[in-house]
Amino acid sequence: MCGIIGYIGNKKIVPVIINGLRRMEYRGYDSAGIAVIANDELRLSKKPGKLVELENVVNNGNGAFDSSIGIGHTRWATHGVPNETNAHPHISQNKKIALIHNGIVENYIAIRQELAGKGYQFKTETDTEALANLIEAYYTDDKPLEEAVRLALMSVDGTYGIAVISPTEPDKIVTARHGSPIVLGYGDGENIVASDAAAILDHTKHVAYLDDGELAILTRDNVVIKTIDNKDVKKEVEEIVYDLERISKGGYDHFMLKEIMQQPQTITDAMRGRLLPDEGDARLGGLAAELQSLAYARRILITACGTSWHAALIGEYLFEEFVRIPVEVEYASEFRYRDPVLSNDSTVFVISQSGETADTLAALREAKRKGVKSFGICNVVGSTIARESDAGVYLHAGPEIGVASTKAFTSQVTVLTLITLLLARMRSMSASKGTEIVKELQALPGKIESIFSSIPEIKDIAKKYYEASNFLYLGRGYNFPVALEGALKLKEISYIHAEGYPAAEMKHGPIALIDENMPVVFIATKDSSYEKIISNIEEVRARKGRVIAIATEGDQEIKNRADHVIYVPPTLEFLTPLLTIIPLQLLAYYIAILRGCDVDQPRNLAKSVTVE
Ligand code: AGP
């Protein structure tokens with residue numbers, strides 16, 4: 001997802017914009033740009049590549065960027081290659097408008113054609129340039145900037161989060177959103193707009209979130225919010241609870257490693273105030289009003305993308321085993337387009353760390369359109385999915401900065417376990433079973449902590465296999481989704497091709513891939529499918545495959561079967577994913593480091609995919 005920041009106030013604009021964009025670097029981008037108003041004209045600079053390229057140019061601008069109003073953008077290319085021409089901000093043909101934009105204008109070809117008829121010519125391949133010229137075309141002397149923006153957006157199909165400035169009215173920023181997040185920061189004699197609260201925290205903790213179809217006009221002393229059809233909007237100004245310290249690396253080489261190591265704490269935070277040891281139960285305030293419809297739903301659907309979809313698969317196993325309600329898990333991108341069969345006694349869970357993933361948000365809206373109760377499991381407070389769900393549960397994992405999701409995954413699984421416990425205890429689970437689960441949940445953070453002592457062995461394994469071209473990850477039952485997640489971690493940060501599979505499925509095809517060059521990771525904990533996993537390991541060894549096993553402490557037998565063993569403590573079978581994923585996250589991390597990859601900002605990836 002691109003980064004947007006706009007500032008109007010009394011500070012020097014360049015450091016405000018550059019530092020704000022730096023706070024959003026983690027989301028991934030391939031170019032960056034800034035536009036300011038100085039001496040009643042627009043000053044623009046934009047560069048492909050990293051932010052430091054832009055910073056070097058504007059800091060040597062001989063005063064050209066001396067101003068206290070401006071906008072900045074980090075772009076993750078959708079339309080048009082990542083180069084200086086296509087980078088944002090885009091300036092309209094007659095230099096009356098500077099625009100930055102997250103999202104996709106789907107009817108931009110038609111807009112370009114209409115504008116070409118009015119004498120507009122285009123310098124770039126982007127949809128954003130079309131929007132900049134459209135706003136300018138509406139920006140006649142008889143109307144303020146916000147009216148030109150409003151009229152232009154009325155004819156746009158697609159998604160946007162934008163910020164606009166004009167030298168004609170040098171004391172205002174206009175912003176608007178439809179499908180891409182916009183957060184407003186309220187300061188003293190200054191106001192800020194950004195696509196991520198992290199960019200605002202250097203200046204204020206007082207924020208409000210634009211909803212779809214809303215726009216805002218920022219001056220130094222005021223923020224006015226309207227709907228796209230020009231009705232006034234009153235917004236509650238909230239205070240952000242996390243601070244910048246939590247966003248910093250905290251002494252680790254990468255955010256991803258910090259977030260892996262944070263998991264004992266983040267799982268503790270996911271359970272804080274939510275466990276009832278004496279009753280062997282859980283308490284989730286966010287679901288309280290909907291418990292009956294949840295506990296007696298005829299069917300549960302869970303929809304998500306990527307890592308969150310893997311957590312959803314574990315949720316399916318949990319709900320079906322303990323709550324005994326049929327569950328279906330769907331990729332959000334499939335769910336939203338296939339006209340799913342939903343009835344009002346169905347329930348939909350939507351899982352999203354960022355709360356802004358376009359496909360997942362669209363799936364939520366599709367479910368609501370069909371009158372189904374929707375529950376969001378999100379990490380980012382105030383995110384769109386969190387706000388549009390009927391109810392939900394926050395992860396309380398703190399900002400996840402690394403593009404590869406780690407702590408959010410284990411917190412999602414923890415929350416799904418709490419929901420399972422809560423619903424199961426309303427149905428057929430006994431207090432003694434509930435108490436056993438609560439006690440084991442409370443022991444989990446310490447068990448995760450103990451796995452970190454295996455980091456030297458994990459580093460050794462990484463050294464042996466970091467040059468492999470392919471990996472296979474195999475697991476059964478609750479650890480099948482862990483195999484998928486382990487493979488995704490490796491793929492997305494080391495760029496090694498890796499596949500996750502149900503272990504039994506290997507003989508239906510993937511076994512053809514096995515040879516001495518194929519490392520195979522087995523999740524082989526002592527559980528109900530252990531013997532079967534051992535057979536699968538033998539099948540791989542018979543074909544000279546190299547076996548890396550994640551096994552239960554004390555299991556000596558596995559040492560005779562696997563080339564490498566990483567141990568995790570014993571726990572209840574359905575809680576093993578919270579342990580077995582840890583070594584897989586670390587293995588992916590150390591392999592990626594050895595391959596010289598950009599672990600926190602892997603190529604081509606964004607932290608939150610707010611485009612289709
Ligand atoms: C996970 O490591 C990836 N970064 C990606 O698959 C991510 O899980 C997916 O884009 C969903 O994001 P969300 O949870 O914010 O909706």
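Atoms within a ligand are numbered from 1 in the order they appear, just like the ligands themselves. Starting from 1, each residue takes its place in the sequence as its number.
The shortest N or O to N or O distance between Thr360 and ligand 1 is not under 3.5 Å. Considering backbone and side-chain N/O of Val403, one or more are found under 3.5 Å from N/O of ligand 1. Considering backbone and side-chain atoms alike, Glu492 places an N or O below 3.5 Å from some N or O of ligand 1. Checked against a 3.5 angstrom limit, the closest N/O atoms of Ser308 and ligand 1 fall inside it. Taking only nitrogen or oxygen atoms, main chain and side chain alike, Gln353 reaches within less than 3.5 Å of ligand 1.
Ion pairing of Arg23 with Asp202 is present here, as a side-chain N (NZ or NE/NH1/NH2) and a carboxylate O approach within less than 4.0 Å. Here Glu330 pairs with Arg338 in a salt bridge; the nearest charged N to carboxylate O distance falls below 4.0 Å. Ion pairing between Asp269 and Arg274 fails under the 4.0 Å rule for side-chain N and carboxylate O. A salt bridge links Arg177 with Asp212: the distance from a Lys NZ or Arg NE/NH1/NH2 to an Asp or Glu carboxylate oxygen falls below 4.0 Å.
When each atom of ligand 1 is checked for a heavy atom of Thr307 under 4.0 Å away, the hits are 1 (C), 2 (O), 6 (O), 8 (O). The distance from ligand 1 to the heavy atoms of Lys489 drops below 4.0 Å at these ligand atoms: 1 (C), 2 (O). The Ser405 neighbourhood of ligand 1 comprises atoms 1 (C), 2 (O), with distances under 4.0 Å to a heavy atom of that residue. Close approach of ligand 1 to Ala404 is summarised as follows: ligand atoms under 4.0 Å from at least one heavy atom of the residue are 2 (O).
Residue-environment remark: CD (Glu321) exceeds the threshold of 12 foreign heavy atoms within 6.0 Å.
Counting protein heavy atoms only, atom 9 (C) of ligand 1 is closest to Cys305 O, 3.9 Å. Taking atom 10 (O) of ligand 1 as the reference point, the nearest protein heavy-atom neighbour is Val609 CG2, 4.2 Å. Summary of contacts: the protein heavy atom closest to atom 6 (O) of ligand 1 is Gly306 CA, 3.2 Å. For atom 12 (O) of ligand 1, the closest non-hydrogen atom of the protein is Thr357 OG1, 3.5 Å.
A cation-pi arrangement is found for Arg603 relative to Tyr495, the charged atom lying closer than 6.0 Å to the ring centre and inside a 45° cone about the ring normal.
Within the structure, every pair that satisfies the side chain to side chain donor-acceptor pair (under 3.5 Å) test and touches residues 480-493, not counting sequence neighbours, is listed here: Thr307-Glu485, Thr307-Lys489, His310-Glu485, Glu485-Lys489, Lys489-Glu492.
Annotation: side chain of Glu238 is in contact with side chain of Tyr209 (closest heavy-atom distance under 4.5 Å).
Closest approach of Ile533 to Ala503, counting heavy atoms only: CD1-CB, 3.7 Å.
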